[in-house]
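Okay, so here's the structure we're looking at.
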Amino acid sequence: MEKQAEFVLRTIEERDIRFMRLWFTDVLGTLKSVAVAPAELEGAFSEGIGFDGSAIEGFARVYESDMLVRPDASTFSLLPWRNEGPGVARMFCDILMPDGTPSYADPRFVLKRTLTKAADLGFTFYTHPEVEFYLFKGRPEQGEVPVPVDSYGYFDNTPHGVGHDFRRQAIMMLEAMGISVEFSHHEGGPGQQEIDLRYADALTTADNLMTFRLVVQEVALEQGLYASFMPKPLRDAPGSGMHTHLSLFEGDRNAFYEAGAPYQLSSVARSFIAGLLVHAPEITAVTNQWVNSYKRLAGGAEAPSWVCWGHNNRSALIRVPMYKPAKGNSTRIEYRAMDSGANPYLAFAVLLAAGLKGIEEGYEIPAGAEDDVWALTPGERQAMGMQQLPTSLNQAISIMEKSELVAETLGEHVYDFFLRNKRAEWDEYRRQVTQWELDRYLPSL
């Protein structure tokens with residue numbers, strides 16, 4: 001047995017952990033959990049624990065349903081909000097087929113497979129997400145408009161603010177679980193919060209994001225609130241994005257950094273950006289996977305709609321943050337389309353795949369956008385060669401259906417299920433009669 005597994009078993013005994021939660025996600029990024037007794041863990045590490053894969057979204061058909069979960073000992077952490085009674089801990093799991101091979105349906109394996117491709121080229125992929133979400137006064141009933149906990153705005157510092165107490169408690173829980181937080185503040189919308197996780201390798205970050213969502217929702221419930229990662233919950237307020245900083249390292253050296261180059265961006269960084277720009281429309285269904293995601297992208301307020309990049313330009317799809325002369329290793333790019341409702345494993349996989357494609361094929365980066373992209377006319381955007389991001393889930397699916405890059409990255413099983421599921425979501429949505437339609441047409445037609 002590997003040393004990390006031995007450490008977990010010893011810690012469980014020393015800390016009197018009575019319940020071990022094994023976590024994984026389905027294809028859409030919903031967190032799944034099974035609790036096992038500590039006595040079962042040694043067998044789980046060596047052989048895995050069986051479950052019915054056909055009951056999980058996108059995992060298996062009924063006649064091939066037997067699957068295994070095997071915990072990753074490196075992800076062991078105590079759950080700090082379960083402090084009444086016996087201790088509880090969690091580990092993320094890899095999904096295996098009965099013969100012990102990785103499951104083609106496991107989103108974590110999709111990311112691992114893409115990270116291996118990067119490693120074969122000599123790269124480690126790091127990500128740093130800025131997670132936005134809303135806090136509401138309790139969970140709204142169906143048909144009710146959610147009520148934000150406050151009416152404050154960006155960076156507001158207010159006495160006795162609900163957001164202050166919430167963010168402090170959430171950050172304390174995250175750091176108790178070994179998840180480092182870099183910044184936190186009130187965002188631009190009423191009741192909207194942002195908490196930024198410190199950069200880490202992409203697999204660790206994806207695991208941390210799944211933990212983050214649960215911690216935020218647990219803390220909200222404890223405080224009588226409701227936290228939502230819905231991309232656009234309020235019509236007239238900003239949506240919740242997950243601007244994500246990306247970088248490639250070769251060992252300890254930042255492969256994106258080149259002293260003296262424009263914006264200190266190396267040729268690797270420029271080709272990576274070009275890859276993201278070329279393939280952005282076809283990966284958008286993954287980075288923005290819900291019908292509601294496109295209400296955010298259409299709403300302005302720093303949400304990108306056009307495929308372009310710019311130095312320190314927050315209206316662009318890809319922003320190159322301001323360079324710090326003494327910190328070459330901080331050179332990075334920021335992808336601004338992704339929202340807080342994405343499956344981080346699949347989203348990071350397609351972002352990395354698009355960037356690597358640019359490096360492998362030697363894509364050339366176009367001229368950067370220096371103006372507010374939202375303020376340009378359609379003719380000006382066209383003259384600059386800007387493509388528009390998909391404007392609806394339907395359009396995003398149609399573009400993804402033709403993408404060899406996404407099919408290869410996700411694998412045939414995940415790719416096919418994802419498209420079928422999203423097509424069904426769109427078909428259900430387009431049959432709805434909305435309140436806007438009733439208000440607009442019922443009085444006059």
Side-chain angles (χ1 to χ4, degrees), residues 129-167 170 183-196 209 212-213 216-217 219-221 223-244 284 287-306 313-317 319 334-342 372-375 388-393 396 429 432 434-440:
E130 303 174 355
V131 194
E132 297 173 350
F133 57 95
Y134 274 86
L135 283 180
F136 297 117
K137 295 179 179 179
R139 182 167 192 152
E141 297 295 328
Q142 188 168 7
E144 289 183 349
V145 176
V147 180
V149 296
D150 60 49
S151 57
Y152 302 128
Y154 188 68
F155 267 38
D156 278 357
N157 186 26
T158 53
H160 304 295
V162 173
H164 290 314
D165 293 337
F166 172 86
R167 293 193 302 272
F183 302 110
S184 70
H185 57 85
H186 197 290
E187 249 300 333
Q192 190 180 29
Q193 317 295 318
E194 177 176 313
I195 298 178
D196 300 357
L209 281 169
F212 176 96
R213 289 176 183 169
V216 163
Q217 289 165 339
V219 173
L221 288 171
Q223 298 186 8
L225 308 173
Y226 182 69
S228 175
F229 296 94
M230 184 176 174
K232 182 78 170 175
L234 301 173
R235 189 189 69 179
D236 298 320
S240 291
M242 189 164 68
H243 306 153
T244 301
T284 300
T287 59
N288 305 81
Q289 68 165 329
W290 309 105
V291 162
N292 182 252
S293 298
Y294 298 84
K295 307 294 175 71
R296 167 183 166 257
L297 293 181
E302 297 191 355
S305 286
W306 296 86
N313 186 343
R314 295 179 185 274
S315 66
L317 172 64
R319 181 177 78 98
E334 179 188 20
Y335 194 83
R336 297 177 61 80
M338 184 158 47
D339 61 46
S340 300
D372 179 356
V373 178
W374 282 97
Q388 191 170 14
L389 283 176
T391 58
S392 68
L393 181 62
Y429 170 72
Q432 303 303 309
T434 65
Q435 190 62 45
W436 183 92
E437 292 169 281
L438 292 173
D439 292 344
R440 177 127 180 162

Nearest heavy-atom pair of [X] and [Y]: which atoms, and what distance?
{"X": "Ser293", "Y": "Pro231", "result": "OG-CG, 3.6 Å"}
{"X": "Lys295", "Y": "Tyr429", "result": "NZ-OH, 3.2 Å"}
{"X": "Thr244", "Y": "Met338", "result": "OG1-CE, 3.1 Å"}
{"X": "Pro148", "Y": "Pro190", "result": "CB-O, 3.3 Å"}
{"X": "Gly341", "Y": "Trp290", "result": "O-NE1, 2.8 Å"}
{"X": "Pro238", "Y": "Gly189", "result": "CD-CA, 3.7 Å"}

Please report the interatomic distance [atom1]([X]) to [atom2]([Y]), rounded to the nearest 0.5 Å.
{"X": "Met230", "Y": "Ser340", "atom1": "CE", "atom2": "OG", "result": "12.5 Å"}
{"X": "Ile195", "Y": "Gln193", "atom1": "CD1", "atom2": "CD", "result": "7.5 Å"}
{"X": "Leu389", "Y": "Asn288", "atom1": "CG", "atom2": "CG", "result": "7.5 Å"}
{"X": "Asp196", "Y": "Glu132", "atom1": "CG", "atom2": "CD", "result": "8.5 Å"}
{"X": "Gln192", "Y": "Leu135", "atom1": "CD", "atom2": "CG", "result": "10.0 Å"}
{"X": "Leu317", "Y": "Glu334", "atom1": "CG", "atom2": "CD", "result": "10.0 Å"}

Classify the ring geometry between Phe133 and Phe229 as parallel (under 30°), tilted (30 to 60°) or perpendicular (over 60°). tilted

Please examine the side chains of Asp339 and Met242, heavy atoms only from C-beta on, and report whether any two atoms are closer than 4.5 Å.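 No, too far: nothing below the 4.5 Å cut-off.
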
Side chain to side chain, Phe212 and Pro129, heavy atoms closer than 4.5 Å: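 Contact flag for Phe212/Pro129 side chains = no.
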
For the side chain of Lys232 and the backbone of Ala237, is there at least one donor-acceptor N/O pair under 3.5 Å apart? yes

Indicate yes or no for a side-chain donor-acceptor contact from Arg296 to the backbone of Pro233 under 3.5 Å, with no hydrogens or angles considered. no

